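As structure tokens, the structure follows; a few thoughts come after it.
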Amino acid sequence: MSTEPILTVEDLSVRIAGLHILQGVSFTVAPTGVTVLLGRNGVGKTTTLRAIIGLTPRNGEVRGAIRTGGRSLTGQPTHKLVRGGLGYVPEDRCVFAGLTVAENLRLAEQRGTAPAYDKVYELFPELDRRGRQRAGSLSGGQQQMLAIGRVLLNDNRLLLVDEPTKGLAPKVVTEVAEVLERVAVTVPVLLVEQNLAVVRRLAQAAIVLDAGRVAWTGDARQLLEEPALTKSLLGVGSSGVHA
């Protein structure tokens with residue numbers, strides 16, 4: 001198995017509406033398991049994921065290098081990146097509220113490939129049972145399942161997942177964490193997550209952002225086992241939930 005990073009980000013700088021959000025961010029993502037992107041609110045975690053997947057606003061400016069497998073991703077349109085194997089689960093889920101669960105899934109199908117409905121329904125049986133239900137009437141947890149399920153319909157080389165447990169009930173948090181744990185066995189994940197219990201369960205490597213820069217990188221367990229370090233970087237104890 002290759003040990004080369006699945007994703008390399010070098011000197012990534014993002015300006016949006018005159019604000020310098022990211023200021024020379026550099027890191028790599030391992031070809032296996034979960035790499036977590038941490039930091040206080042507003043430090044640029046979501047902006048980092050959106051820059052990787054090509055969703056920076058039109059009034060934004062992106063500089064730096066983003067590569068996977070020696071191929072540059074910088075400046076490529078989002079639809080090409082998705083077809084090339086980048087899966088993205090946004091923070092706000094972005095389901096189509098007026099469409100049914102089945103219609104939401106069908107829209108995610110890519111031409112020329114066989115959608116993996118069996119895998120999605122195995123991971124999320126609720127989606128199969130609620131196929132005719134409008135997505136807007138689902139609970140927050142069910143909408144999150146749908147958002148993840150849409151991505152998993154297709155083959156992915158890397159998943160970008162933004163705060164998948166935000167606002168969910170504890171039982172659903174556990175269900176989502178279990179699914180990501182299973183998925184990460186075969187597909188590497190770059191995860192933004194505030195629930196440190198979920199981070200402790202899933203992540204092997206951690207990247208901490210502060211004020212638009214990388215403040216720390218290393219083993220996720222090492223970070224969480226040092227309360228003083230966790231407190232200084234994240235503003236919470238190692239057993240807390242970053243709000």
Side-chain angles (χ1 to χ4, degrees), residues 5-16 19-31 33-68 71-95 108 144 147-148 150-152 154 156-167 176 180 183-184 187-195 198-199 202-217 220 234 242:
I6 188 66
L7 183 75
T8 300
V9 175
E10 291 181 347
D11 199 26
L12 180 62
S13 176
V14 176
R15 292 179 182 271
I16 299 175
L19 298 176
H20 202 174
I21 310 297
L22 300 181
Q23 305 176 36
V25 167
S26 298
F27 62 86
T28 60
V29 175
V34 175
T35 299
V36 66
L37 191 60
L38 299 169
R40 295 177 173 88
N41 288 333
V43 298
K45 304 184 297 295
T46 292
T47 298
T48 299
L49 294 193
R50 290 178 63 86
I52 293 169
I53 198 67
L55 287 174
T56 305
R58 291 186 178 182
N59 63 347
E61 177 187 4
V62 179
R63 294 185 178 181
I66 306 170
R67 299 190 305 275
T68 180
R71 180 170 61 97
S72 175
L73 307 183
T74 311
Q76 292 195 35
T78 300
H79 69 275
K80 286 190 176 181
L81 296 176
V82 171
R83 289 175 186 168
L86 278 188
Y88 177 54
V89 182
E91 177 184 4
D92 54 4
R93 297 159 192 158
C94 291
V95 300
Q144 186 63 70
I148 297 173
R150 288 185 309 190
V151 171
L152 297 181
N154 304 299
N156 297 285
R157 301 182 68 240
L158 172 66
L159 292 182
L160 311 176
V161 184
D162 196 354
E163 297 199 24
T165 69
K166 182 178 179 181
V176 170
L180 292 176
V183 169
V187 181
V189 177
L190 178 58
L191 172 69
V192 171
E193 181 55 70
Q194 296 183 347
N195 186 320
V198 173
V199 172
L202 297 180
Q204 289 78 51
I207 304 151
V208 182
L209 296 185
D210 186 28
R213 300 178 184 274
V214 174
W216 189 90
T217 61
L234 304 178
H242 179 58

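Because the structure is predicted, anything quoted here is derived from the model rather than measured.
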Check step by step if side chain to side chain contact (heavy atoms under 4.5 Å, CB included) holds for Val214 and Val208. CA-CA 6 Å; Val214 174; Val208 182; over 6 Å; no
Given side chains that start at C-beta, do those of Leu160 and Leu158 come closer than 4.5 Å, heavy atoms only? yes
Is the shortest side-chain heavy-atom distance between Thr165 and Glu193 below 4.5 Å? yes
Measuring from Trp216:CH2 to Ile207:CD1, what's the distance to the nearest 0.5 Å? 10.0 Å
Can you tell me which residue among Asn156, Leu190, Ile52 is in a side-chain contact (heavy atoms from CB on, under 4.5 Å) with Leu86? Ile52
Quickly, which of Leu180, Asp162, Leu159, Val161 forms a side-chain contact (heavy atoms from CB on, under 4.5 Å) with Val89? Name it, please. Val161
Verify side chain to side chain contact (heavy atoms under 4.5 Å, CB included) between Leu7 and Thr35, making sure each step is shown before the conclusion. CA-CA 11 Å; Leu7 183 75; Thr35 299; over 6 Å; no
Among side-chain atoms of Glu163 and Asn195, is any donor-acceptor pair under 3.5 angstrom? no
Polar side chain donor-acceptor pair, Thr56 to Arg50, under 3.5 angstrom: no
Looking only at heavy atoms, the pair that brings Pro5 and Pro31 closest together is CA-CD, 4.3 Å
Can you give each donor-acceptor pair under 3.5 Å made by side-chain atoms of residues 9-16, sequence neighbours left out, with the distance rounded to 0.1 Å?
{"unit_1": "Glu10", "atom_1": "OE1", "unit_2": "Arg67", "atom_2": "NH1", "d": "3.3"}
{"unit_1": "Glu10", "atom_1": "OE2", "unit_2": "Arg67", "atom_2": "NH2", "d": "3.3"}
{"unit_1": "Ser13", "atom_1": "OG", "unit_2": "His20", "atom_2": "NE2", "d": "2.8"}
{"unit_1": "Ser13", "atom_1": "OG", "unit_2": "Leu22", "atom_2": "O", "d": "3.4"}

For Lys166, salt bridge (charged side-chain N to carboxylate O under 4.0 Å, His left out) partners two or more places apart: Glu91
